Amino acid sequence: MKSTLIATGLLALASTAQAQEKPVLTVYTYDSFVAEWGPGPQIEAAFEAGCGCDLQLVSAGDGAALLARVRLEGARTDADVVLGLDTNLTAAAAETGIFAPHGLDLAEFDMPVDYQDNIFLPYDWGYFAFVYDQKTVPNPPESFEELAASDLKVVIQDPRSSTPGLGLLLWIKAAYGDRAPEIWEALSDNILTVTKGWSESYGMFLAGEADMVLSYTTSPAYHLIAEDDASKAAAKFNEGHYLQIEVAAKVASSDQSDLADQFMEFVLTEEFQKTIPETNWMYPAVMPSTGLPEGFETLITPETALLYSAGEAAEIREEALQEWLTALSR
Amino acid sequence: MADRAQPLIRFWPGFGAAALVAALTLGTVLAVALRAEGWAGLTPSDWAAVRFTLLQALLSAAISVALAVPVARALARRRFRGRSLLVTLLGAPFILPVIVAILGLLAVFGRNGLFSYLFGTIGLPAIDIYGLHGVVLAHVFFNLPLATRLILQGWLAIPAERFRLAASLGFASDDIARVLERPMLRNVLPGAFMVIFVICTTSFAVALALGGGPKATTVELAIYQAFRFEFDLGKAALLALVQFTICTVAAGLALWAHVPEAGAPGLDRAVERWDARGSGSRWLDAALITLAALFLLLPLAMVTVHGVPGMAGLGNSVALAAGRSVLVALAAALVTVVLALALAFAVQAVRGTIGKGVLEGIGYLAIAASPLVIGTGLFIVLFPLLDPVSVALPITALVNALMSLPFALRALVPAVAQVEHQFGQLADSLSLHGWARLRHLYLPRLRRPVGFAAGLAAALSMGDLGVIALFADPEAATLPLQMYRLMAAYRMDEAAGAGLLLLVLSLSLFWLFDRGGRIDADT
């Protein structure tokens, strides 16, 4: 018994020693990225084919949980690259001093806004939107005000525990400024409930509890492409739609600095970008030469893209949260 | 004194267990607090969260316990085919993962649910479940079975001889209630109320989803906000302490209200109730059992109906995740039973009510703890030492074991006390000490509560996402995590299938252990 234990221990040591022969690049990301249907497996295979290294994806909840984890680990983090923060988190992330400039040229993005940041590199993006079923909602609202005037019920996510929830907060703030509290109050009787995360909301919507759910303009593409179901659509709002831009950044203390640089470059290549639409269900930051998959052309294209800069978002979110809490707690 | 000769085996494992629990609960709060970069006080909205937490927990516990009394009485005095299966199934809501339970409840009570549909056919408006009443409804759904089970144990603990004596004295149901049942309830109810109050205190996702908006903010959600919205670890630790305080006060009150039962033990025979033979009480009991069963089983039936189509498409990864979860659950069950037995023996051996209370109280700390704070604290402590991901599954098992410990203690502490009360002197006179006493005296007589505790721990552990979020190993997901991943990838049908698989596995584990504990119990 004892000897088997020792043998197992030695074997474990030997296998770690063997794995260390190849340099290991550790990338922290959110959980749905690494899932078998997410971009993770394809991206890992594609990068490992050319780097002569072992790419290890480590997952932590969602974007905000990811940042919290990196903060907890501080400069001692094992991460070489962190992938999956969004622009609402980058100000706080930059403040930690954990991340290093990527040193890449930023001219070539296919995004609705001009994005400049020397630390955080966009890899995909999407618009927040309310998704509905065309069979039950034949005349979807075309603005927040129309939604507030309707008797449609929506389910949204809590900005304190969910990234899209925070996105909606900033969306209404960006669209209405000082009128945001008034809009929230008008919406309060349309908000069926608020959930901890996106999954609960979306599950409730699909179960027929709510008429609309806070999600992305790209959500209907999943139903169309993967399920052959064309009934879902996103409502196009005249105020414009708030953007979520997801970014990657290199960790300054990385012991695999060259590999990390190589990975940051890889993020913008065709091989990475072409996996995004049908695994992460977002738009690629750089359009692959093959274009978007069939089905994406049916999605709505908002007229106006709304986005606060990282600094503004960090400044505004506390106030916006208080307004939200006050309006919905009445 | 004979028992002075063998205190080691009885004290030290218990003290060790208590120290471990304290380290994992209070110690993790300390670890988080030490990493804080500043200290902010509580804001008005934090106080609003405290008030809402107290209100919903009080209502949920009071209603769960009040409804559980007649249901437990009905179950205690009736024997019918399928009763044991029903008692097992009634335990199911308690062990469901939150998200599965929410969707199950909504399928019955939601806007698009069964009742709204039935109301619609007779021209009534749909049910509006969202609000404080929805939160309480969900918490009663989760906790009514637990309350029933705890109170039922109280009923079954009244020796059959007393009912026999009552019958021969010509007692009517009222007299039995006054003389036998009310003193028992006075003994059992405070503890049951307290456990449910504390469970509801730490609720978060359910309260938010059915509460209809940020009015339904609980302390646990405020901790979440402090952690991920503000990254204010000091505030997270402070709020965790507020949560502990609420629960400690509740536990103190329950202890104070608790009246220990005195009286001679019986011979542990099946109870025959001569007073309840009338057809009126028979119909009443049948109605109560049917109503409770419908309330608890309809949502489960909907979970089943929605899950079956997705079951077929479940892939290898779900099967592997299920295998991992079963292993974690078995480990958690073992750890729970070892910790609970160690604590229960120490509680029995320590003299003085305060000493007993403190030791048992430490065992209850875990349900008052915030899983997020435990996870974060453990992460802070472990990160400098080793790769947290490499210990993801053992940590999950350990924390899950901790979360089940309070329920195991509720079952084991009284059972150990009873065995000692009944056979302690005999064992002393036979010089039955140490391991021999454990093997020959205790274990055979503790099979039933040990089986129950192990089953509950295994089942709770199956469904718990717990601390795994921070520690998750991408290549070794547990079943609940895999289910969330399916949902996050829009695969709601498969997620429903995985949810059903989770329900079936949890219940089977519970049933196996609980059943195992009850073999030969009736002879």
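What's counted below: heavy atoms across the whole structure, side chains too, no hydrogens, waters or symmetry copies. None of the values given here were measured: they were computed from a predicted structure. Chain naming here is simple, since letters A, B, ... match the order of the sequence lines and numbering starts at 1 in each.
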Per-residue contact mode, Leu233(B) against chain A (heavy atom under 4.5 angstrom): side chain

Salt-bridged, Arg485(B) to Glu36(A), with N to O below 4.0 Å? no

Largest heavy-atom contact set with chain B, pairs under 4.5 Å, which of Gly203(A), Ser201(A), Ser199(A): Ser199(A)

Roughly how far, to the nearest 0.5 Å, is CG of Leu170(A) from CD of Gln244(A)? 11.0 Å

Show me the pairs that pass salt bridge (charged side-chain N to carboxylate O under 4.0 Å, His left out) and involve residues 212-232 of chain A, at least two apart or across chains. Asp133(A)-Lys232(A), Asp229(A)-Lys232(A)

Ala93(A): which residues meet the side chain to side chain contact (heavy atoms under 4.5 Å, CB included) condition with it, sequence neighbours left out? Leu67(A), Leu85(A), Phe99(A), Phe120(A)

For chain B, the option from Gln322(A), Glu318(A), Arg317(A), Met204(A) that forms the most heavy-atom pairs under 4.5 Å: Arg317(A)

Among Arg71(A), Arg69(A), Arg76(A), which residue meets the side chain to side chain donor-acceptor pair (under 3.5 Å) test with Glu73(A)? Arg69(A)

What part of Tyr202(A) is in contact with chain B, defined as an atom under 4.5 angstrom from a non-hydrogen atom: side chain, backbone, both or neither? both

More than 12 heavy atoms of other groups within 6.0 Å of Phe115(B) CZ: no

Heavy-atom count check: over 12 atoms from other residues, nucleotides or ligands less than 6.0 Å from Asp189(A) CG? yes

With a cut-off of 3.5 Å and sequence neighbours excluded, list every side-chain donor-acceptor pair involving residues 125-137 of chain B.
{"unit_1": "Asp128(B)", "atom_1": "OD1", "unit_2": "Tyr130(B)", "atom_2": "N", "d": "3.3"}
{"unit_1": "Tyr130(B)", "atom_1": "OH", "unit_2": "Glu209(A)", "atom_2": "OE1", "d": "2.6"}
{"unit_1": "His133(B)", "atom_1": "NE2", "unit_2": "Asp128(B)", "atom_2": "O", "d": "2.7"}

Does any heavy atom of chain A fall under 4.5 Å from the side chain of Leu103(B), the backbone, both, or neither of them? side chain

Chain A shares the most heavy-atom pairs under 4.5 Å, among Ala495(B), Pro384(B), Ala107(B), Ala205(B), with Pro384(B)

Among Asp211(A), Leu206(A), Ile191(A), Thr77(A), which residue forms the greatest number of heavy-atom pairs with chain B at distances under 4.5 Å? Asp211(A)

Portion of Ile380(B) that has a non-hydrogen atom of chain A nearer than 4.5 angstrom: side chain

For Ala216(B) and Ala207(B), the nearest pair of non-hydrogen atoms, with its separation, is CB-O, 3.4 Å

Are Phe205(A) and Trp198(A) an aromatic pair by the rule of ring centers under 6.0 Å? no

So which residue, Asp387(B), Val98(B), Asp493(B), Thr217(B), ends up with the most heavy-atom pairs under 4.5 Å with chain A? Thr217(B)

If you tally heavy-atom pairs under 4.5 Å between each of Leu221(B), Ile102(B), Leu210(B) and chain A, the highest tally belongs to Leu221(B)

When only pairs under 4.5 Å are counted, which of Thr279(A), Asp62(A), Thr29(A) shares the most heavy-atom pairs with chain B? Asp62(A)

Does a side-chain heavy-atom distance below 4.5 Å link Leu208(B) with Thr195(A)? no

For Phe383(B), is it the side chain, the backbone, both, or neither that has a heavy atom closer than 4.5 Å to a heavy atom of chain A? side chain

Measure distances from Leu66(A) to the heavy atoms of chain B and classify the residue's part below 4.5 Å as side chain, backbone, both or neither. neither

Determine yes or no for a side-chain-to-main-chain donor-acceptor pair under 3.5 angstrom, with Asn190(A) supplying the side chain and Leu152(A) the backbone. yes

Quick check on the interface: out of Glu230(B), Arg491(B), Arg35(B), who has the most heavy-atom pairs with chain A under 4.5 Å? Arg491(B)

Please step through side chain to side chain contact (heavy atoms under 4.5 Å, CB included) for the pair Trp281(A) and Ile225(A), ending with a clear verdict. CA-CA 11 Å; Trp281(A) 301 99; Ile225(A) 296 170; 4.0 Å; yes

Quick check on the structure: residues of residues 153-163 of chain A within a heavy-atom distance below 4.5 Å of chain B, by number. Lys153(A), Asp158(A), Pro159(A), Arg160(A), Ser161(A), Ser162(A), Thr163(A)

